[in-house]
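Step one of this worksheet: look at the structure below.
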Amino acid sequence: MEKMEEKGNHVARKKGGLVTMPFIFANEICEKLAVVGFNANMVSYLTTQLNMPLTKAANTITNFGGTASLTPLLGAFLADAYAGRFWTITIASIIYQIGMISLTVSAVLPQLRPPPCQHNQVCKEADGGQLAILYASLLLGALGSGGIRPCVVAFGADQFDEADEKQTTKTWNYFNWYYFVMGASILLAVTVLVYIQDNIGWGLGLGIPTIAMFISIIIFIVGYPLYRNLDPVGSPFTRLIQVSVAAYKKRKLPLVSDDRLLYQNDELDAPISLGGKLFHTKHMKFLDKAAIVTEEDNLKLPNLWRLNTVHRVEELKSVIRMGPIWGAGILLITAYAQQNTFSLQQAKTMDRHLTKSFEIPAGSMTVFNIVTMLSTIAFYDRLFIPFARKLTGLDRGITFLHRMGIGFVISILATLVAGFVETKRKNAAFAHGLVDQPHSMIPISAFWLIPQYSLHGMAEAFMSIGHLEFFYDQAPESMRSTAAALFWTAISAGNYVSTLLVSLVHKFSAGPNGSNWLPDNNLNKGKLEYFYWVLTLLQVINLIYYIFCAKMYTFKPIQVIKKEAAESEEKGVELVNRV
């Protein structure tokens with residue numbers, strides 16, 4: 001935490017707090033406008049502008065989403081170890097800006113796209129050069145997102161001082177605000193931007209978020225004097241490896257009989273334990289050997305590849321304990337990913353008219369997902385938490401593990417309902433003789449898709465925010481950016497699992513007469529409902545796994561130094577298990 005300069009009895013104005021939120025959220029809003037404004041309608045761009053087959057387009061989308069959610073590990077490493085969060089966000093935003101400019105130019109210039117598809121003719125797909133420009137633009141966007149995504153959420157939470165008890169609520173409440181602002185920007189993207197892309201042109205539809213991204217960079221930099229910047233404290237991954245190596249080197253030593261004999265060094269741990277030290281836990285005792293002191297060890301200047309403090313050992317234990325909960329979130333993202341691929345294709349075949357003259361773009365159907373998510377967040381924050389607080393006594397109402405569990409259950413309902421809706425859509429196509437006409441509108445309202453979109457939005461409000469809270473709260477404090485990156489890597493894994501699942505189902509459901517659960521060109525002849533129900537079954541199994549992991553999970557024990565006591569130079573220490 002930043003040191004405050006004292007002059008006599010006067011203390012310099014403290015940085016951070018609510019005043020910094022507009023600058024931080026402005027960056028997040030524009031990043032989401034850029035990502036979602038393209039991703040929500042990307043399947044249309046790839047199939048209509050680059051003439052990709054549906055399955056290839058769907059896998060391109062999930063692969064891009066997976067890569068964009070994997071790069072946060074790199075961004076988090078750079079932020080935590082070397083650059084700090086502010087400079088990582090700034091540089092990453094500039095990289096993202098370059099990618100958006102490239103993407104917009106490729107959408108404007110005809111020579112960077114294949115010729116338009118003529119009716120009843122074989123469409124010419126994009127050539128290697130055109131695809132190279134697309135993939136290079138997407139790669140720059142993925143690298144930029146890798147620096148923005150893990151750092152913005154952690155940088156925003158950094159603005160609240162956890163040592164101040166009056167701000168404890170603001171820290172965890174911030175995650176609801178973060179997701180609400182992110183959801184609002186997504187809502188704008190899937191309505192206004194998708195409408196512009198479908199009805200005016202992709203050049204303007206991509207140009208708007210490109211300009212917005214430029215403005216956000218300026219706003220974010222202007223707020224620099226107000227931010228509470230925490231200095232990077234070295235690579236967290238190096239510390240984790242050092243503990244592992246030290247434990248391995250001392251693997252033949254017997255465990256100590258008294259935990260108090262394990263190595264402690266408050267001065268060494270001070271930069272990485274500003275919010276309190278981690279206390280020893282009795283799990284994974286083989287790692288404790290890294291903190292056993294031998295005659296060869298120098299206690300004042302220890303060789304960290306041979307001897308580590310209890311705090312550093314517990315950092316590694318905390319990361320390992322989070323692994324199973326991290327894995328449980330993957331399948332929910334896999335289910336959620338279908339909204340931008342197959343659910344969108346369903347919507348394109350259905351009647352989307354609100355009035356005789358106004359038709360909702362298929363890519364804007366996710367508006368129902370976002371509106372439900374925003375409504376659920378508002379309900380959760382303003383009504384549910386105060387009510388639950390009276391019953392549980394917890395400031396946050398319920399633990400983030402319970403919050404995630406509720407999200408898992410709702411997601412199961414979403415894919416179950418999606419299968420039944422697809423059955424109804426195909427029955428309508430059969431009844432009107434439209435099974436062999438994939439581009440004809442089936443006389444059934446697209447609003448039948450609202451339940452599955454809305455349930456996914458409700459599930460995200462519970463599970464995804466709970467997941468984010470979990471990572472930030474349970475990760476070692478010096479790894480907060482890395483913790484946020486773990487959230488995005490779960491999304492990455494979910495997208496890659498979606499690609500794998502779609503590819504496997506497409507391969508093994510192929511029949512001798514050309515039939516397929518997931519056909520490339522005619523969804524009316526497929527068995528998409530079976531695919532949704534396979535997802536439902538997998539999610540039920542995943543829920544059972546999650547319940548087991550949540551029951552077994554041990555919250556990190558941390559020594560919290562109360563601010564009031566610290567200011568009066570007393571030893572105000574409290575041992576807590578945060579939930």
Margin query: If you take the centroid of each ring, where Trp contributes its six-membered ring, are Y380 and F462 closer together than 6.0 Å?
Written below: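 Yes: the rings meet the under 6.0 Å criterion.
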Nearest 0.5 angstrom please: [X] [atom1] to [Y] [atom2], how far?
| X | Y | atom1 | atom2 | value |
| --- | --- | --- | --- | --- |
| M213 | M100 | CE | CE | 9.0 Å |
| I377 | E460 | CD1 | CD | 7.5 Å |
| N369 | I186 | CG | CD1 | 8.0 Å |
| T415 | I410 | OG1 | CD1 | 12.5 Å |
| T536 | I541 | OG1 | CD1 | 11.0 Å |
| N495 | Y336 | CG | OH | 11.0 Å |

Decide yes or no for Q437 and H432: does some side-chain heavy atom of the first lie under 4.5 Å from some side-chain heavy atom of the second?
->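 They are not in contact (no side-chain heavy atoms under 4.5 Å apart), so the answer is no.
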Worksheet entry | Salt-bridge contact K525-D436 (side-chain N to carboxylate O under 4.0 Å) |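 Result for this pair is yes, salt bridge flagged.
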Would you mind checking if K527 and E422 are paired as a salt bridge, meaning a charged N to carboxylate O distance below 4.0 Å?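 Salt bridge flag = no for K527 with E422.
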Evaluate the ring planes of [X] and [Y], with Trp represented by its six-membered ring, and classify them as parallel (under 30°), tilted (30 to 60°) or perpendicular (over 60°).
| X | Y | answer |
| --- | --- | --- |
| F408 | Y546 | tilted |
| F237 | F77 | tilted |
| W517 | Y530 | perpendicular |

Looking at P451, is its backbone amide N or carbonyl O close enough to the side chain of S454 to form a donor-acceptor pair, meaning the two atoms are under 3.5 Å apart?
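No; judged by distance alone, with no hydrogens or angles, the pair does not exist.
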- Item | Atom of A428, atom of I442 and distance for their closest heavy-atom approach |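 Taking A428 first and I442 second, the nearest heavy atoms are CB-CG2, 3.7 Å.
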Show the nearest heavy-atom pair for residues G419 and E529, with the distance to one decimal.
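The answer is O-CB, 3.2 Å.
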- Message: For a ring pair (Phe, Tyr, Trp, His ring centres under 6.0 Å) check, start with the C-alpha distance between Y553 and F470, then their side-chain angles and the critical distance, and finish with the verdict.
- Response: CA-CA 12 Å; Y553 186 76; F470 168 76; 5.4 Å; yes
NZ or CZ of R321 within 45° of F555 ring axis and under 6.0 Å: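 Pair R321/F555 does not count as cation-pi.
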task: Taking atom CZ of F430 as the centre, report whether more than 12 heavy atoms of other residues, nucleotides or ligands fall under 6.0 Å from it.
output: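 Result for CZ/F430: open.
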- prompt: Should the heavy atoms of other residues, nucleotides or ligands under 6.0 Å from CE of M552 be counted, would the total exceed 12?
  reply: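 No, CE of M552 has 12 or fewer neighbouring heavy atoms, counting only those of other groups under 6.0 Å.
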Check: Passes salt bridge (charged side-chain N to carboxylate O under 4.0 Å, His left out), K556 versus D473? Steps please.
Finding: CA-CA 9 Å; K556 70 175 185 182; D473 190 272; 5.7 Å; no
Does D351 form a side-chain hydrogen bond (donor to acceptor under 3.5 Å, both in side chains) with S445? I'd like the steps, not just the answer. CA-CA 5 Å; D351 183 4; S445 174; over 6 Å; no
**Request:** Determine, stepwise, if the pair I320 / M284 fulfils side chain to side chain contact (heavy atoms under 4.5 Å, CB included).
**Result:** CA-CA 9 Å; I320 294 173; M284 295 175 273; 3.6 Å; yes
